[in-house]
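Encoded as structure tokens, the structure appears first; notes follow it.
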Amino acid sequence: MAVLQDVSQSAGPNGIATIQPDELRELVQAVMARGGEAVFGVIGRRDEALVRLRVRGPDTLNAYQGNSARLQARKEVERFLALVETRLRAAPSQVTDLTAALHRVNRFF
């Protein structure tokens with residue numbers, strides 16, 4: 001799953017709402033339930049790396065690994081959401097570069 005947020009100065013006047021980290025929790029819960037990866041990036045900042053969350057699927061773990069992995073996954077989710085919040089609080093970008101953001105996601109996956 002990839003989520004891109006426009007952080008350019010044109011986002012507000014064009015009615016593009018800013019996603020909140022808590023709104024991402026539902027999407028992250030789906031990744032945690034099934035395993036997989038989620039990435040978050042911003043449109044307008046070419047030099048910013050994507051924030052990545054990788055969670056192993058529950059069917060790949062035995063009972064002992066499961067408890068440990070769930071605890072580690074919760075920590076990773078909190079780290080992921082904290083990094084997303086940091087990116088969202090940064091100053092708006094001067095340009096909207098959707099193409100560069102899509103290229104970053106394409107290279108990532």
Side-chain angles (χ1 to χ4, degrees):
M1 168 186 64
V3 176
L4 294 172
Q5 173 67 54
D6 188 353
V7 295
S8 68
Q9 292 178 345
S10 64
N14 289 324
I16 298 171
T18 301
I19 194 165
Q20 299 302 312
D22 285 342
E23 294 173 307
L24 286 176
R25 283 192 186 274
E26 286 184 43
L27 297 173
V28 167
Q29 293 301 324
V31 173
M32 287 184 69
R34 294 168 184 84
E37 293 188 45
V39 295
F40 177 84
V42 292
I43 299 169
R45 294 192 202 120
R46 292 179 209 174
D47 57 343
E48 252 184 27
L50 299 171
V51 179
R52 176 183 191 175
L53 172 66
R54 178 185 283 174
V55 179
R56 290 176 60 184
D59 58 336
T60 65
L61 307 169
N62 64 36
Y64 174 74
Q65 290 172 316
N67 291 334
S68 176
R70 280 189 286 279
L71 180 60
Q72 183 61 33
R74 285 188 201 108
K75 289 179 184 177
E76 288 297 314
V77 165
E78 293 309 315
R79 181 196 64 81
F80 175 79
L81 294 173
L83 287 170
V84 166
E85 190 171 356
T86 299
R87 301 283 168 90
L88 291 173
R89 278 190 273 144
S93 173
Q94 297 292 324
V95 296
T96 301
D97 193 349
L98 179 59
T99 304
L102 291 174
H103 282 296
R104 283 197 326 260
V105 170
N106 188 41
R107 285 191 306 265
F108 181 85
F109 286 112

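All residue numbers refer to positions in the sequence shown, counting from 1.
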>> According to side-chain contact (heavy atoms from CB on, under 4.5 Å), who are the partners of Leu83, at least two apart in sequence or on a separate chain?
In response: Val51, Arg79
> Which residues satisfy the side-chain contact (heavy atoms from CB on, under 4.5 Å) test with Val39, sequence neighbours excluded?
Replying inline: Ala2, Leu50, Arg52, Phe108, Phe109
> Shortest non-hydrogen contact from Ala38 to Val31?
Replying inline: CB-CG2, 4.2 Å
>> Going by salt bridge (charged side-chain N to carboxylate O under 4.0 Å, His left out), name the residues that satisfy it together with Arg74, two or more places apart in sequence or in a different chain.
In response: none
>> According to salt bridge (charged side-chain N to carboxylate O under 4.0 Å, His left out), who are the partners of Glu78, at least two apart in sequence or on a separate chain?
In response: Arg25
> So, do Val77 and Leu81 sit near enough that their side-chain heavy atoms are less than 4.5 Å apart?
Replying inline: yes
> Which residues satisfy the side-chain hydrogen bond (donor to acceptor under 3.5 Å, both in side chains) test with Gln72, sequence neighbours excluded?
Replying inline: Glu76
> Taking only residues two or more places apart in sequence, or in another chain, which ones meet Ile19 in a side-chain contact (heavy atoms from CB on, under 4.5 Å)?
Replying inline: Val3, Gln5, Glu23, Leu24, Phe40, Leu88
